[in-house]
Protein chains: 2
Amino acid sequence: MVERISDAEHEIMEVLWQKAPLTATEVADRVADAKGWSLQTVKTLLSRLAAKAVIGTERDGRRFQYSPLVERDAYLAGVSRKFVDRLFGGKVTPLVAHLAEADELSDDDIREIEELLRELKA
Amino acid sequence: MVERISDAEHEIMEVLWQKAPLTATEVADRVADAKGWSLQTVKTLLSRLAAKAVIGTERDGRRFQYSPLVERDAYLAGVSRKFVDRLFGGKVTPLVAHLAEADELSDDDIREIEELLRELKA
DNA sequence: CATCACTGACTACACATGTAGTTTCATTGA
DNA sequence: TCAATGAAACTACATGTGTAGTCAGTGATG
């Protein structure tokens, strides 16, 4: 069971999933544009993630290199599962149905998904 | 924009979406099995939901009748959108792909979704 | 009419989260 | 060697959340 990751922490994870290891400053630089967090905030989030053992730290002189300990796929799988369980009774079909009805699916999306499903069966 | 509903609050909403209006005691009875919350806890959650104007109250003698003010579909749409945005860059296809790869989709699911998509195009 | 039970209102409290400020320690350049 | 700099560690603090306890009022009941 992957520990719960908050929204802000998730932003940090995305950065580390894209490239790792990174130092706190490097992570801060990479989220600065999108979120405008201070370096301190980023450090706090990194500490919390490390405390949860979701990322690992490796000492590099006087600073740390941070790397994910959880695969993005594994994390997404867990979160998706929880989401589908909680809101759609664990069934994916109603979710897709819902997205479709809410016009969240373009014709292109539909074609893509059909293609995907065709491959799955093969 | 529908106010943020917490996990515990969501449980209450599911009950009210199933049947409304209900009194606090009736709601408590209906969640008791699943969650084992005390009546007081349920009342607190109802108050918070009412404060957010997600449910409405109607005085009925000395007690209240509670009813949802937000449609389940509207709520699901909002939450789904946020979820897909945050984790899958707003694209539904990767979500479905992910669930598929994570073996969350049975053959029956796949058939159901294909059927659904066929209808959508018609 | 007096009392009791039930109901909403108010209060509580620990932990999570978003968002930092402050302190301390080590490194490095002068 | 000593001061400045940069990094982690520690502290802070308001708000949200889960989970309830207590209080006060009102309608029902004997």
Side-chain angles (χ1 to χ4, degrees), chain A residues 1-16 21-67 75 78-79 82 86-87, chain B residues 1-16 20-67 75 78-79 82-83 86-87:
Chain A
M1 188 72 65
V2 176
E3 285 264 9
R4 161 87 198 147
I5 295 176
S6 79
D7 279 17
E9 288 162 2
H10 179 228
E11 290 293 330
I12 304 291
M13 291 307 289
E14 287 296 342
V15 169
L16 288 175
L22 292 176
T23 66
T25 308
E26 286 167 343
V27 173
D29 285 348
R30 279 155 202 257
V31 285
D33 287 2
K35 312 298 298 180
W37 290 330
S38 81
L39 176 59
Q40 293 316 316
T41 298
V42 171
K43 283 184 180 176
T44 299
L45 294 172
L46 285 168
S47 301
R48 288 179 184 170
L49 287 167
K52 292 179 194 174
V54 179
I55 63 178
T57 60
E58 186 162 359
R59 189 133 230 152
D60 168 27
R62 63 174 153 162
R63 72 195 113 139
F64 282 125
Q65 297 281 350
Y66 298 91
S67 314
Y75 173 69
V79 175
K82 225 165 280 175
R86 199 165 85 89
L87 277 87
Chain B
M1 191 68 64
V2 176
E3 286 265 8
R4 160 88 196 144
I5 294 176
S6 79
D7 280 17
E9 287 163 2
H10 180 226
E11 290 292 330
I12 304 291
M13 291 306 289
E14 287 295 343
V15 169
L16 287 175
L22 293 177
T23 67
T25 308
E26 287 166 344
V27 173
D29 285 349
R30 280 155 201 257
V31 286
D33 288 1
K35 312 298 297 182
W37 289 331
S38 81
L39 175 59
Q40 294 316 317
T41 298
V42 171
K43 284 183 180 176
T44 298
L45 294 172
L46 284 169
S47 300
R48 289 180 183 170
L49 287 167
K52 292 179 196 175
V54 178
I55 63 178
T57 61
E58 186 162 359
R59 190 133 231 154
D60 169 26
R62 64 174 152 162
R63 71 194 110 138
F64 282 125
Q65 297 281 350
Y66 298 91
S67 316
Y75 174 69
V79 175
K82 226 167 280 176
F83 178 78
R86 198 165 84 90
L87 278 88

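Below, read A as the first sequence line, B as the second, and so on, with proteins coming before strands; counting in each chain starts at 1. Just so it is clear, the values below take in all heavy atoms, side chains as well, and ignore hydrogens, waters and symmetry mates.
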Exercise for the section: Using a 4.0 Å heavy-atom cut-off across all strands, classify A/Lys52 as base, sugar-phosphate, or nothing. Expected result: sugar-phosphate

Practice task
Classify the nucleic acid contact of B/Arg48 as base, sugar-phosphate or nothing, counting any heavy atom under 4.0 Å across all strands shown.
Solution key: base

I want to check something: taking the side chain as every heavy atom from C-beta on, are [X] and [Y] in contact at a cut-off of under 4.5 Å?
X: A/Thr57; Y: A/Gln65; value: no
X: B/Glu3; Y: B/Leu49; value: no
X: A/Leu87; Y: B/His10; value: yes

Problem - Donor/acceptor link under 3.5 angstrom from A/Ser38 side chain onto base of C/dA20 - result: no

Exercise for the section: Go through the N and O atoms of the side chain of A/Gln40 and the base of D/dA12, and report whether any donor-acceptor pair is under 3.5 Å. Expected result: no

Problem - Residue of the set B/Leu45, B/Val79, B/Ile12, B/Val54 for which side-chain contact (heavy atoms from CB on, under 4.5 Å) holds with B/Ile5 - result: B/Val54

Practice task
With a 4.0 Å heavy-atom cut-off, tell me which residues in residues 22-29 of chain A come close to DNA chain D, sorted by residue number.
Solution key: A/Ala24, A/Thr25

Practice task
Give a yes/no answer on whether the side chain of B/Ser6 brings an N or O atom under 4.0 Å of OP1 or OP2 in D/dG16.
Solution key: no

Handout entry: Spacing between B/Lys43 atom NZ and D/dA20 atom P, to the nearest angstrom
Key = 14 Å

Problem - Atom pair OG1 (B/Thr23) and CZ (B/Phe64), whose distance is rounded to the nearest 0.5 Å - result: 12.0 Å

Practice task
Give the nucleotide from the list C/dT17, D/dT17, D/dA8 with an atom nearest to the side chain of B/Arg4.
Solution key: D/dT17

Completion exercise
Note: for A/Trp37 and B/Arg62 on DNA chain C, the residue whose nearest nucleotide lies more 5' is B/Arg62

Exercise for the section: Kindly determine whether B/Leu46 and B/Leu16 satisfy side chain to side chain contact (heavy atoms under 4.5 Å, CB included), including the steps that lead there. Expected result: CA-CA 10 Å; B/Leu46 284 169; B/Leu16 287 175; 4.2 Å; yes

